[in-house]
Number of protein chains: 2
Amino acid sequence: MSRNDRFYTVRGYQLLNQEDKLLTSGMEDYLEMIYRNMEKEGYMRINTLSNLLNVKPSSATKMVQKLSALGLLDYRKYGIIFLTEAGKKYGRFLLERHNVIEKFLVNIGITENLLSETELIEHSISKNTMANIDMLNRFFETHPAILDEFRKFREPGFEKTDE
Amino acid sequence: MSRNDRFYTVRGYQLLNQEDKLLTSGMEDYLEMIYRNMEKEGYMRINTLSNLLNVKPSSATKMVQKLSALGLLDYRKYGIIFLTEAGKKYGRFLLERHNVIEKFLVNIGITENLLSETELIEHSISKNTMANIDMLNRFFETHPAILDEFRKFREPGFEKTDE
DNA sequence: CAAAAAATTTAGCCGCCGCTAAATTTATGA
DNA sequence: TCATAAATTTAGCGGCGGCTAAATTTTTTG
């Protein structure tokens, strides 16, 4: 039985993958949000970040220090937060991943709690799975008749109303 | 802006939902595994459980005590672990959810690390999302030509080789 | 330009879920 | 049966990512 077909707990997988996985889920949340704000305003502040993520400023400070130590943020105490090149690259990836998951959920008919569903799922998706879900999205996009057929299948009676 | 379209961190969602979500991801891992063994052997022991989940026995004890306090296990110190009715019901649900996610991943073409991918994703899926993914699985099952078309779309050139 | 306000950081606590080491209970076999 | 082995539990630690309270720095304003 190889490492691959043995069971682990969520925590167990975390511990196993902490060599190759750079960021924890929490750090990813912060980096993704900083990236969003970079696109909008060009920079980020601790207070803005803590408001956007619904955490206390002290929590934001702690995470920003970690991301900074990892070379993803350009930042000094009491200062303005910018992304380094590495941070931008990672942030862009996180936002893309988010959008792939969200689009998939919309495709299969999720409307309630779309944001929170996406936010929770995105951290547990590998690049490979993300790529394959993206292919499924593209498949539906280029084959709208099939997506339509699925929707009829899913909810007979509501043929056209949703979407 | 309602609670629904605000961002939170993973930890934030955890804290928000701890009223309605009975179990943590970790507890779910243990309960699911106990359920698997119930089906196979009818009972569970701490050592077996810790081996199956690749944790130390002391960790298994701690979680079993928690699940027991929640009324999901029938268990006394140094004794054999059984599921209560509530535990069986929850365990059955967990196994079903696992299988729905796994089938979906297989459908979209995941072969590498299938188990770990499933194990990580399953905890972040709501009942609603699970139901919709299940519908997608059923859709592919009843429309094999469409699944086939997706596979060609996904991997042009490997038309028939996989599955 | 000094005092007050606002923003940020630090220190220290908590629950989760791993771990190790040591204690305890249960099972085995000479 | 009784000593040893095996299984299980307890105690206590560590990192994560929240929190509060208090300290510090920066900004605003009279």
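Quick note on labels: first sequence line is chain A, next is B, and so on, each numbered from 1. These values consider heavy atoms only, across backbone and side chains, with no hydrogens, waters or symmetry-generated copies.
Applying a 4.0 Å cut-off to non-hydrogen atoms, the residues of residues 62-70 of chain B that approach DNA chain C are B/Lys62, B/Met63, B/Lys66, listed by residue number. Taking a 4.0 Å limit (strictly below) on heavy-atom distances, residues 45-60 of chain B reaches DNA chain D at B/Arg45, B/Ile46, B/Asn47, B/Pro57, B/Ser58.
Counting only distance, with no hydrogens or angles, the side chain of A/Asn137 and the backbone of A/Val100 share a donor-acceptor pair below 3.5 Å.
An OP1 or OP2 oxygen of D/dG18 is reached within less than 4.0 angstrom by a side-chain nitrogen or oxygen of A/Tyr30. A close approach under 4.0 Å does occur between a side-chain nitrogen or oxygen of A/Thr9 and OP1 or OP2 of C/dG18.
Distance NZ (A/Lys77) to P (C/dA7): 19 Å, rounded to an integer number of Å. As a whole-Å value, the separation of B/Arg76 CZ from C/dT26 C1' is 14 Å. Nucleotide C/dG18 holds its C1' atom 14 Å from the OH atom of A/Tyr8, rounded to whole Å. As a whole-Å value, the separation of A/Leu16 CG from C/dG18 P is 12 Å. Between the C1' atom of D/dC16 and the NE2 atom of A/His123 lies a distance of 14 Å, rounded to the nearest Å. The distance between atom CE of A/Met27 and atom P of D/dG15, rounded to the nearest whole Å, is 13 Å. Atom-to-atom, OH of A/Tyr78 to P of C/dT8 comes out at 10 Å; the value is rounded to the nearest Å. One interatomic measurement links the two molecules: CD of A/Gln14 to P of D/dG17, which rounds to 8 Å at whole-angstrom precision.
From A/Ile125, atom CD1 reaches atom CD1 of A/Ile133 across 4.5 Å, with rounding to the nearest 0.5 Å. How far CD1 of A/Ile80 is from CG of A/Asp74: 10.5 Å, rounded to the nearest 0.5 Å. Remark: B/Ser25 OG to A/Arg11 CZ distance equals 12.5 Å, nearest 0.5 Å.
Side-chain heavy atoms closer than 4.5 Å link hydrophobic residues (I, L, V, M, F, W, Y) into clusters, and following such links, even through other members, never connects B/Tyr78 to B/Leu49.
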Does the salt bridge (charged side-chain N to carboxylate O under 4.0 Å, His left out) test come out yes or no for A/Lys89 and A/Glu85, once each step is laid out? CA-CA 6 Å; A/Lys89 199 174 155 197; A/Glu85 275 314 308; over 6 Å; no

Using the side chain to side chain donor-acceptor pair (under 3.5 Å) rule, take A/Asn113 and A/Glu117 through it: C-alpha gap first, then chi angles, then the decisive distance, then the call. CA-CA 6 Å; A/Asn113 306 317; A/Glu117 293 275 313; 5.3 Å; no

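Taking the ring centroids of A/Phe104 and B/Phe104, they lie under the 6.0 Å cut-off. Remark: aromatic rings of B/His143 and A/Phe153 are close, center separation under 6.0 Å.
Take the nearest nucleotide of DNA chain C for A/Arg11 and for A/Thr61: the residue whose nucleotide is more 5' is A/Thr61.
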